[in-house]
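Read through the structure below, which is laid out as structure tokens, and then see the notes.
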Amino acid sequence: MPARRRAEAASLTGKIPVDPLISCIVPVYNGERFVAEALESILAQTYRPIEVIVADDGSTDGTAAVLERYRDRVRVLTQPTAGPAATRNLGLRAARGEFVAFLDADDLWRQEKLSRQMARFRARPELEVSVTHVQLLWVAGLRQEAEHYQDHPRAQPVPGFSTTALLARRAVFERVGLFNPDLWFADATEWFIRAREQAVVVEVLPEVLVFHRMHESNLTRRRTAASGEEFARVVKASLDRRRGRGAAPIT
Amino acid sequence: MINLNSRLTPRSDDITASIIDGEAIIVNLSTGVYYSMDATGGELWSMIEEGRTLREMVEGLVAKYDASPEQAAQDLDRVAGELVKEEMVTVSEAGGGEPAPQVPASAARSPYVPPVLNVYRDMGDLLALDPPMPGLRDIPWQDAGEEKG
């Protein structure tokens, strides 16, 4: 079938007729060490059109100077420090794309990440959220830790139910809501739980298209106990909703 | 072998546990399986975290709830076996020593509901990436070369 007729047929069936804009949101807090690599991995995407939005959560290091080098290709928003979820929401509110994706400033995408995911939205018009598999990537200075975990299940490719592996129709956030700004660690998990409770159509790509970097100052490493408690609260709130109890506030 | 002198220790590297509104919520960070123990079960998990022996936990339950020592011991043995099977706790012997004195029954004991370990395996995928890595340290290992640099 010729391309034009194919496009017309697609629009009649609700498929995606042209390449829609993807807003790529990069939340960052004191990310001078890795944010340039994150931005390069977005700009190297084979998919176009994209817009890149950096949401800076009041960084006090050299992040602003790094971002200055990208001023012609990246929109930068700043706010007083309010946490990762509030920073993702800042970027989300400014997004103009029909689709949105997020990349934490210390993580990396493979260059075909967005293309592969958008192909799935074309193949499945009912799809609302796509996530890829994710592989952990240790920095060179943590070789011993990488070796310690190499056979651990969490160090194998895992389904990427985190913002950094997600591509979603922006309209999904109107249905599910924004990220809960009271959460500092479990905001993405809590959002995916809400999405599941609302029967959002989610698909997991089997390929590893995202790398989550393990380094000396990962947020969860610095505050492991607080992070664990927050996940327990999120799980409890979900259980309470499903059991018909009044959910405990997850603040 | 679990007996009344056994002590259960939460595998804190592998799980995260919180007691919220009297309910213990425990998440296995390696598998994403999560657990709840409500009411009597929440009380039980608190006593495990306090490092009590099974005998002391039986006495604690009998003091607080309308349960016979035999029933509390039987329930505790069952739940302890489940906690071990789910790799949530390790078992050690408390060592010798006199048994703890019997706790006198209180007139205001609450109705006893046998503790139950509820197991949920529906969020393994959602909890596979973002929760803290099991055993991850606040102060990580550093290669010597990196420290010099």
Side-chain angles (χ1 to χ4, degrees), chain A residues 131 133-134 136 139-145 147-149 152-156 158-165 185-190 192-193 196 202 204 212 214-240 242-243 245 248, chain B residues 10-39 41-42 45 49 87-88 116-149:
Chain A
V131 297
H133 269 60
V134 175
L136 303 186
V139 296
L142 295 177
R143 265 195 306 273
Q144 289 181 48
E145 185 173 288
E147 287 166 12
H148 173 77
Y149 281 111
H152 193 280
R154 289 277 301 270
Q156 313 313 312
V158 295
F161 285 93
S162 71
T163 53
T164 210
F185 310 98
D187 57 309
T189 301
E190 193 266 346
F192 278 109
I193 289 173
R196 180 167 287 180
V202 180
V204 182
H212 173 58
M214 301 296 289
H215 53 86
E216 295 83 347
S217 47
N218 290 112
L219 184 60
T220 52
R221 180 196 303 282
R222 285 180 281 124
R223 296 178 59 190
T224 304
S227 169
E229 285 170 23
E230 196 174 280
F231 278 94
R233 286 207 302 279
V234 163
V235 165
K236 158 84 169 160
S238 171
L239 269 178
D240 283 348
R242 285 179 278 156
R243 293 181 300 202
R245 299 184 192 177
Chain B
R11 298 172 66 113
S12 54
D13 270 3
D14 299 313
I15 63 169
T16 182
S18 285
I19 295 173
I20 309 164
D21 299 336
E23 180 176 23
I25 301 288
I26 303 133
V27 182
N28 182 316
L29 298 171
S30 294
T31 63
V33 178
Y34 59 101
Y35 308 87
S36 76
M37 296 171 74
D38 209 353
W45 186 261
E49 289 188 327
E87 301 185 335
M88 299 160 71
V116 174
L117 177 69
N118 297 298
V119 185
Y120 303 91
R121 304 186 193 276
D122 61 322
M123 282 195 207
D125 53 352
L126 297 188
L127 296 168
L129 179 60
D130 268 0
M133 280 285 279
L136 200 66
R137 300 288 177 232
D138 286 353
I139 302 167
W141 297 299
Q142 292 249 339
D143 290 356
E146 180 87 354
E147 283 177 331
K148 283 175 200 157

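Everything numeric in this text was worked out from a predicted model, so none of it was measured. Each chain gets a letter, A, B and so on, in the order the sequences are listed, and its residues count up from 1.
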**Among I15(B), T31(B), I26(B), D122(B), residue most engaged with chain A (heavy-atom pairs, under 4.5 Å)** = D122(B)
**Prompt:** Any side-chain heavy atom of R196(A) sitting closer than 4.5 Å to one from D125(B)?
**Reply:** yes
**Request:** Starting from the C-alpha separation in whole Å, work towards a yes-or-no answer on side chain to side chain contact (heavy atoms under 4.5 Å, CB included) for T16(B) and E230(A).
**Result:** CA-CA 10 Å; T16(B) 182; E230(A) 196 174 280; over 6 Å; no
**Asked** What distance do L127(B) atom CG and F192(A) atom CZ have between them, rounded to the nearest 0.5 Å?
**Response** 12.0 Å
**Request:** Would you mind reporting whether Y120(B) and L239(A) have side-chain heavy atoms less than 4.5 Å apart?
**Result:** yes
**Asked** When only pairs under 4.5 Å are counted, which of P153(A), A155(A), S162(A) shares the most heavy-atom pairs with chain B?
**Response** S162(A)
**Asked** Which bit of D38(B) is near chain A, if near means a heavy-atom gap under 4.5 Å: side chain, backbone, both or neither?
**Response** side chain
**Prompt:** After noting the C-alpha distance and the side-chain angles of H152(A) and S30(B), does the key distance pass the side chain to side chain contact (heavy atoms under 4.5 Å, CB included) rule?
**Reply:** CA-CA 8 Å; H152(A) 193 280; S30(B) 294; 3.1 Å; yes
**Request:** Step by step, work out the side chain to side chain contact (heavy atoms under 4.5 Å, CB included) result for K236(A) and S36(B).
**Result:** CA-CA 8 Å; K236(A) 158 84 169 160; S36(B) 76; over 6 Å; no
**Message:** Per the salt bridge (charged side-chain N to carboxylate O under 4.0 Å, His left out) rule, what does the pair list look like for residues 27-37 of chain B, sequence neighbours excluded?
**Reply:** none
**Which of I25(B), L29(B), V27(B), N118(B) touches chain A most, by non-hydrogen pairs under 4.5 Å** = I25(B)
**Request:** Measure the CG-CG distance between L136(A) and L129(B) for me, rounded to the nearest 0.5 Å.
**Result:** 6.5 Å
**side-chain hydrogen bond (donor to acceptor under 3.5 Å, both in side chains) partners for R121(B), two or more places apart** = E86(B)
